[in-house]
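All figures in this text were calculated on a predicted structure; none of them were measured in a lab.
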Amino acid sequence: MLKLPGLIDPHVHVREPGQTHKEDWDTATQAALAGGITMLLAMPNTKPPIFDASTLDLTLAAAKSKARCDYAQFLGAGPDNAETAANLAPRTAGLKMYLDSTFGELRLDDMTLWTQHFEQFPKEYPIVVHSESRSMAAAILFAALYDRPVHIAHISLKEEVLLIKAAKERGLKVTCEVCPHHLFLTSPSPLTPLPWGEGNHVANHPSPFGRGQGEGRMEVRPRLATQDDVNTLWANLDVIDCFATDHAPHTLEEKDSEEPPPGFPGVETILPLLLTAVSESRHRTRRVLTIPDIIEKMHTNPKRIFNLPDQPETWVEVDENASYEIRAADLHSRCGWTPFEGWQVKGRVTRVVLRGKEAYKDGKVLAKKGFGKNVRADGGASHLV
Ligand SMILES: [Zn+2]
């Protein structure tokens, strides 16, 4: 039996408020516990987006009554909420800035809007940026200009990891995360560069998931990249601070529709995928991935980067030798599918203890709704059981 500390996922789309047919605080936190994740940080691009006190209260009220693992909620940076966001910072996981894509109210069309947030958001709370390719370089420049840390979400490209490596070597305060799908899946077709401004430059491509499945199932942002990109990520694991899922559930009906929304579920599959990679690494002469890497990138580093508290008496038990097939039918997410359907993996979460209570055991979530605690200021000791 392998014992790991409670894992922290700093990038989860819980979908509540507004899209609870895909997921909600109950199902997202059940899935997280089943995946060995005892604390998650929730993204703000819900419906409505979380960008002021009333929307923050809305999602935190739902979380308080439904969450089964611990959590904090990001606030979204909008064109005119820099002061509000700065004031709310202690109640949030941090500030999320969408620098490439437009997400309703969370539009940051020009860099003068970035300036207000970099100037005003308190330095002790993290700024996380969705910034691909060259806009990532701009975000790193802002970190340098304002001498404050910035965390780059879901890097996927060779050029991104190499630029972050160079920035770190110069002492810039930049950290980053990589998602399992960008480590384990590739785009199978030739790539077509898009003009600057359209985000990640990987064009539409056919499905890698076999015949009869819609191409929409592989829609994700950032898009799946080339084998060369994937190899470069693996070769630069030391540059990567965190593994995060970007758990972004959509129903199969939506994924197979004419306009498939981008995103994959991920909280229940990240650990088995990484443990399988560790197991495969043991057969190679060159170091690739180790258990200490997983602990560093899914516990130690996110805890430090996002300034998160200890979870006392919290751990995850894993049967390292259990070999099995990933099947959506066994998962807890409401979305009902996984891009890793049928993958053979080695390493199963058997038990999760959260703050001294058995929260998950042998396929069953035991933590009750509302057991999850907000780890930011207003979570308070009253949530402790
Ligand atoms: Zn995301």
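- Between K297 and D241, no side-chain nitrogen of the basic residue sits less than 4.0 Å from a carboxylate oxygen of the acidic one, so the salt-bridge criterion is not met.
- Remark: K64 does not engage E16 in a salt bridge, criterion side-chain N to carboxylate O under 4.0 Å.
- Electrostatic pairing of K361 and E317 does not count as a salt bridge here, judged by no charged N lying under 4.0 Å from a carboxylate O.
- For the pair R351 and Y360, the cation-pi criterion (under 6.0 Å, within 45° of the ring axis) is not fulfilled.
- Under 4.0 Å is where a charged nitrogen must lie from a carboxylate oxygen, and between D57 and R91 at least one such pair does.
- If you chain together hydrophobic residues whose side chains sit under 4.5 Å apart, M1 and V352 never meet in one group.
- A cation-pi arrangement is present between R355 and F371 under the rule of less than 6.0 angstrom and at most 45 degrees off the ring axis.
- Using a cut-off of 4.0 Å between Lys/Arg side-chain N and Asp/Glu carboxylate O, D256 and R217 are scored as salt-bridged.
- Between I270 and the options I37, D9, L7, a side-chain contact (heavy atoms from CB on, under 4.5 Å) holds for only I37.
- In this structure the side chain of S333 reaches within 4.5 angstrom of the side chain of H247, judged on heavy atoms.
- Evaluation of the side-chain hydrogen bond (donor to acceptor under 3.5 Å, both in side chains) rule for Q116 yields no partner, not counting sequence neighbours.
- You'll find the side chain of L4 stays beyond 4.5 Å of the side chain of H299, heavy atoms only.
- Applying the ring-ring contact (aromatic ring centres under 6.0 Å, His included) test to H151 and every residue at least two apart in sequence or in another chain returns F306.
- Ring pair H154/H11 is tilted by interplanar angle, where 30° to 60° counts as tilted.
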